[in-house]
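So the structure is just underneath, and the comments pick up after that.
For the numbers below, each heavy atom of this structure counts, side chains included, while hydrogens, waters and symmetry mates do not. Note on naming: letters A, B, ... go to the chains in the order of the sequence lines (proteins, then strands), and numbering restarts at 1 for each one.
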Amino acid sequence: MLDLAADNLLSPIVLSFVLGLFAALARSDLSVPEAVAKGISLYLLFAIGFKGGAGVAAHGLDPRLAATILAGLVLSFALPFAAFGLLRVLSGMSRIDAAAVAGHYGSISIVTFVAATTLLANAGLTAEGYMVAVAAAMEAPAILSALWLLSRGDGNTKMDSDLWREILLNGSIVLLLGAFVIGMATGQDGLDSIAAFIVSPFQGVLCIFLLDMGLIAGRGLRSAGVLDRGAVAFGLVMPLVGALAGLGAGMLLGLSTGGVMLMMTLSASASYIAVPAAMRVAVPEANPSIYLTLSLAVTFPFNLTLGLPLYLAVARIMTGG
Amino acid sequence: MLDLAADNLLSPIVLSFVLGLFAALARSDLSVPEAVAKGISLYLLFAIGFKGGAGVAAHGLDPRLAATILAGLVLSFALPFAAFGLLRVLSGMSRIDAAAVAGHYGSISIVTFVAATTLLANAGLTAEGYMVAVAAAMEAPAILSALWLLSRGDGNTKMDSDLWREILLNGSIVLLLGAFVIGMATGQDGLDSIAAFIVSPFQGVLCIFLLDMGLIAGRGLRSAGVLDRGAVAFGLVMPLVGALAGLGAGMLLGLSTGGVMLMMTLSASASYIAVPAAMRVAVPEANPSIYLTLSLAVTFPFNLTLGLPLYLAVARIMTGG
Amino acid sequence: MLDLAADNLLSPIVLSFVLGLFAALARSDLSVPEAVAKGISLYLLFAIGFKGGAGVAAHGLDPRLAATILAGLVLSFALPFAAFGLLRVLSGMSRIDAAAVAGHYGSISIVTFVAATTLLANAGLTAEGYMVAVAAAMEAPAILSALWLLSRGDGNTKMDSDLWREILLNGSIVLLLGAFVIGMATGQDGLDSIAAFIVSPFQGVLCIFLLDMGLIAGRGLRSAGVLDRGAVAFGLVMPLVGALAGLGAGMLLGLSTGGVMLMMTLSASASYIAVPAAMRVAVPEANPSIYLTLSLAVTFPFNLTLGLPLYLAVARIMTGG
Amino acid sequence: MQTHKAKRVEIIIERVMERRLTEAMTRADVTGWSVLPMLGGSGRSGEWSREGQISRGTGLVQVVCIIRPEKLDPLLDQVFSVVERQIGVVSVCDCEILRAERF
Amino acid sequence: MQTHKAKRVEIIIERVMERRLTEAMTRADVTGWSVLPMLGGSGRSGEWSREGQISRGTGLVQVVCIIRPEKLDPLLDQVFSVVERQIGVVSVCDCEILRAERF
Amino acid sequence: MQTHKAKRVEIIIERVMERRLTEAMTRADVTGWSVLPMLGGSGRSGEWSREGQISRGTGLVQVVCIIRPEKLDPLLDQVFSVVERQIGVVSVCDCEILRAERF
Ligand SMILES: Nc1ncnc2c1ncn2[C@@H]1O[C@H](COP(=O)(O)O)[C@@H](O)[C@H]1O
Ligand SMILES: Nc1ncnc2c1ncn2[C@@H]1O[C@H](COP(=O)(O)O)[C@@H](O)[C@H]1O
Ligand SMILES: Nc1ncnc2c1ncn2[C@@H]1O[C@H](COP(=O)(O)O)[C@@H](O)[C@H]1O
Ligand code: NA
Ligand code: NA
Ligand code: NA
């Protein structure tokens, strides 16, 4: 376990994140152009989706797929309520801000998911390919819960049909699921034909992406003054709560060690792409600095450095893997 | 033949295009940053040019090279006249628009060419390396024919010496030919030294590019109202006319099966990079929605999905390859 | 030696530069998007830094490291004085412009360094991994010397503490050193995990970058009218002076053949990233066309084509390597 | 050269609201506008920068819209209905245009 | 702070015409201008967006040019000769500038 | 729709000076501004373009700042202290704004 944590902390991926963090905190002008960051995120989504789909094609459709996706949907719906309760206890932030934050923690962070698969691979483990589809399924439901929590408050949320389409068809969901389907349709042959693009250089590309995430998180930390202590505590405790819920679901479903670990990771991670966009439209009164800083500058680094190896160790013990 | 078409339709490349198409039609916000799309297109041009040049270096200069380039020039000059005639019969669009469209169909689409080489490679075939030079040669002459067709109309085209330089030295011609020359000069050694960049990841990069092409084509289709039925019919028939002309030329020249197929592909494809830019300068009255939609949203998808396997099957039958 | 120069001139890297140069001089619209150029430069810095660090990890800490870095610092401080003297003799440019130019020649060009490592690799040689740290160390000191030369003139330079931070923590230094440390910390395992990203495609990526450098240099040459003959002569002679100083330092330190060659290259090359930015802030009166044109359009091409093989040949003779 | 009086309306707004804004403009019968990118800025809700961003929720754009003076009031009403609860800045200045028949 | 009256001319034009426009401006003896990128827009010729574009034929830029008032007429004449047949928008507004000696 | 008089200050300045400029603006008690990218331009110091640039020393941005009229003079003083020795252009125009309470 400690070995695992140390190994993880000394991986090029985590160290690249730390480098970005350091550069931002030291106010270096190091920066990744927006277009490059977006390009890399397209690459990661395409690669991870495709590999998941090819994995499903290789092992055949698993009867657990539907149940696992269902479990993911339920978790994404339910976790914001836990997060909201926890926040109301721990932090003095407003009801609106708390609801907005809660929505982020029901949804998922795809880079955390990617880092988890990398950790699994390094540990010689694999997971069910369809976990990618579960990730996609968990992106949006939490937004609904957040809006429901809000409407019980000042009832001022704006939810139009456009917003629905934007949430359900947001670029990252479409690309992730689309690539998953392509991977499933083209199978091992498809994977072989583009493996030199989506498999071999993957970890290296991820380093550059995490460098950028470190830069963003570091810039976020500079405005961490918006968070009270309770909020920071929440950002460290909530992933554990989420992971526990994910663990329960994974065990109930009888997933593999890798599958359980990914389920924990998804539940433990917080969104910073799809949910913020929806919140800006539906709840402009909520302060974006609060939810972005918590998600990107507190929970993401925690998961990346300590959370992931912990989840893996726990998943191993619980599944005997 | 049917197998080939099915295989092609289920390739990651075509499916990526379809994914982009679907995302745009469903109004997802999935998008590729302009800088990334341009970067990928530089990559593709450099890679395809270099590989062509290295191919020529490997097989020695072929006496057919000059004749084939000449044939390409003639086709590029001549095809717009066929296209113009066909358009005047099939569609009710204005003379100016028809001439502008005609210019696009004499020129070529380099991504279609790239997709064709990929199809060839998957079928275990190769082609004459200098076909890349033929592609470059066919980019510009069609513009002249279009302008000639226009000047017979309202005589209002603006053709200055600047435009000449822009057409003949446009970025994609220069990069394609330049990389071709570099590939020829450095040969197999040069290719080996950068193969891990321009050969192995090529198909994967192409997927992302075709995703973007699908997005653009899908957005184009949403404005497909500018096309009358005849115009759409033209966009499907003209590639066949072009392919037939290319077939004739390829057979006369005695090219290999792959070479004949590429000659058909070049003739069948329509420009959407060099020619639109020239038309905007010289014939601003022509409606860009018409020529871009036809080229990108009708003819390109047709060639990519059905045209290419058809051309390959025909080339095989005709050359006995 | 002549073989080496010819080989170098016919490498894909140099030819890509020449292609860019030609395209810009012919006023083609070929261009690399700014975001892509920046993305590639991040990639090169990360890759070169990481590989250097992994090299140090592999061979263990060398007692010469500290001495070599010290030598680099001294060279970077001292070379601007030589450059300034030479400029005052050769060219009629103003004192201010001469001091600004001098600052560029004490600092280094990381792409020239990268091209040199490629040349070494092709010649079957390696160098001390820590030369990357020496490169980073040599970026900034020359700026101080330039400002000192200036303050002796009109005494109007603006040197605030912000500028200090900007110079010492500029993005390229931070990334180069950061990646170096990551490479050292993760060693061969780290390198293996991302080699498919930072090692195999490296030369190919470098080609695209040099294409862009050629385009920028070519555009610079079009404004070469700002340079008098003496300035051009300086741009060709100063690299030789620098290389000689680097040779002396490298021999004294007892570096390997590769290390001596890199020390010569660093001393011979001129900055076009960090120093121009500092000069714009501190000495806005100095004409950027002069120092950018000299550095990018005269000295860089000279080093790339003739300088590097010359330095390698000399380093071989002197070290018997 | 003959010019005509017009109004230049410049609206700084979050990217996620762009489509809603242009749809509102269309409702005010305004069908010509341009969207310009922004690199960053600062306001009551703090500083932001577009560098390295991957979140779709951050970032602003500037929508520029040149209209005949008589269309200003209906346009501002529609614009206000969209920006009301959002962050953003709306400014209007007088200008002269060529080719007024196009507006 | 001492300011001087000037005109700010903003021209939205297709990227392919940029060089022709700036050359025409030079003919009107105007040698200072700036080019700003645009993300998209809408007008009589429909909507366009720069996202994912690879065609060199699409996309617009905004050329901004600050001049002394007396240079306005010759400038507009030259500008008009270029934009005449093209799509695009030309607007002029009054402004004040620092450091008038630079213009 | 109720609007209020304001000033729109547009400053074209080298990217390396951006932070120094916004810090000076803060000293003039101006805390709202936006930064727009530029593609290229031309002036007394020649032409430049952002294409393919890797140098951090080249390139300009446009900083836009909308303020109440009474803040103009202190702002221009601060701005001038920064742009004094640098290349760059400062222009001011009158405008009307919505939601004046925000400024
Ligand atoms: N006075 C201003 N002048 C120019 N841009 C502004 C101004 N105030 C705000 N902005 C822009 O609008 C964004 C949101 O402003 P705010 O709603 O005040 O947080 C800022 O980040 C700036 O980009
Ligand atoms: N009224 C307007 N205000 C601002 N930009 C406009 C306006 N009309 C047109 N444009 C811009 O100019 C481009 C071409 O306009 P048009 O010639 O009307 O098709 C549009 O795509 C917009 O980017
Ligand atoms: N009259 C002007 N109108 C608009 N932009 C200008 C003007 N003069 C200069 N600029 C911009 O400011 C930059 C520096 O100008 P200068 O200090 O004259 O070299 C130019 O490259 C342009 O981008
Ligand atoms: Na979660
Ligand atoms: Na054709
Ligand atoms: Na040097």
Side-chain angles (χ1 to χ4, degrees), chain B residues 33-47 49-51 53-54 57 161-202 204-205 273-274 277-278 281, chain C residues 6-44 47 115 117-119 121-124 194-212 214-215 218:
Chain B
E34 186 191 12
V36 172
K38 290 226 167 121
I40 299 184
S41 100
L42 292 177
Y43 168 84
L44 295 176
L45 290 166
F46 182 79
F50 198 104
K51 287 185 275 189
S161 71
D162 274 359
L163 187 52
W164 279 122
R165 209 202 39 247
E166 282 168 31
I167 291 172
L168 293 175
L169 291 178
N170 89 62
S172 49
I173 295 188
V174 168
L175 183 52
L176 194 61
L177 282 186
F180 179 78
V181 171
I182 298 180
M184 242 171 67
T186 63
Q188 193 60 39
D189 282 358
L191 187 58
D192 289 345
S193 73
I194 61 172
F197 178 62
I198 66 172
V199 179
S200 8
F202 189 82
V205 178
I273 299 193
V281 174
Chain C
D7 269 11
N8 183 51
L9 286 176
L10 283 182
S11 73
I13 289 168
V14 172
L15 290 177
S16 295
F17 179 81
V18 172
L19 173 57
L21 205 66
F22 162 80
L25 290 175
R27 293 175 171 262
S28 162
D29 70 346
L30 182 59
S31 73
V32 178
E34 187 191 11
V36 172
K38 290 225 166 122
I40 299 183
S41 101
L42 292 178
Y43 167 84
L44 295 177
T117 58
T118 300
L119 197 66
N122 290 348
I194 60 172
F197 178 62
I198 65 171
V199 179
S200 7
F202 190 81
Q203 289 226 40
V205 179
L206 191 55
C207 286
I208 303 288
F209 194 70
L210 282 174
L211 177 74
D212 184 45
L215 288 166

Side chain, backbone, both or neither: which part of B/Ala47 has a heavy atom under 4.5 Å from chain C?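 Looking at B/Ala47, nothing touches chain C.
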Residues of residues 180-188 of chain B with a heavy atom under 4.5 Å from any heavy atom of chain C, in residue-number order, are B/Ile182, B/Ala185, B/Thr186
pair [X]-[Y]: side-chain heavy atoms closer than 4.5 Å:
| X | Y | result |
| --- | --- | --- |
| B/Ser193 | C/Ile13 | no |
| B/Leu42 | C/Leu30 | yes |
| C/Asp29 | B/Asn170 | yes |
| B/Pro201 | C/Pro201 | no |

What pair of heavy atoms forms the shortest contact from [X] to [Y], and how long is it?
| X | Y | answer |
| --- | --- | --- |
| B/Leu169 | C/Ser28 | O-OG, 2.6 Å |
| B/Gly39 | C/Pro33 | N-CG, 4.4 Å |
| B/Arg165 | C/Ala26 | CD-O, 3.5 Å |

With sequence neighbours excluded, residues passing ring-ring contact (aromatic ring centres under 6.0 Å, His included) with B/Phe46: B/Phe50
Sequence-distant partners of C/Phe17, ring-ring contact (aromatic ring centres under 6.0 Å, His included), two or more places apart: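 C/Phe300.
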For C/Val18, enumerate each residue passing the side-chain contact (heavy atoms from CB on, under 4.5 Å) test, keeping only those at least two apart in sequence or located in another chain. C/Val14
Pairwise distance CG(C/Leu19) to CG(B/Leu177) - rounded to 0.5 angstrom: 9.5 Å
Under 4.5 Å from any heavy atom of chain B, what part of C/Leu206 do you find: side chain, backbone, both or neither? neither
Select one option (side chain, backbone, both, neither) describing which atoms of C/Ser11 are under 4.5 Å from chain B's heavy atoms.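 Answer is backbone: N, CA, C or O of C/Ser11 sit under 4.5 Å from chain B.
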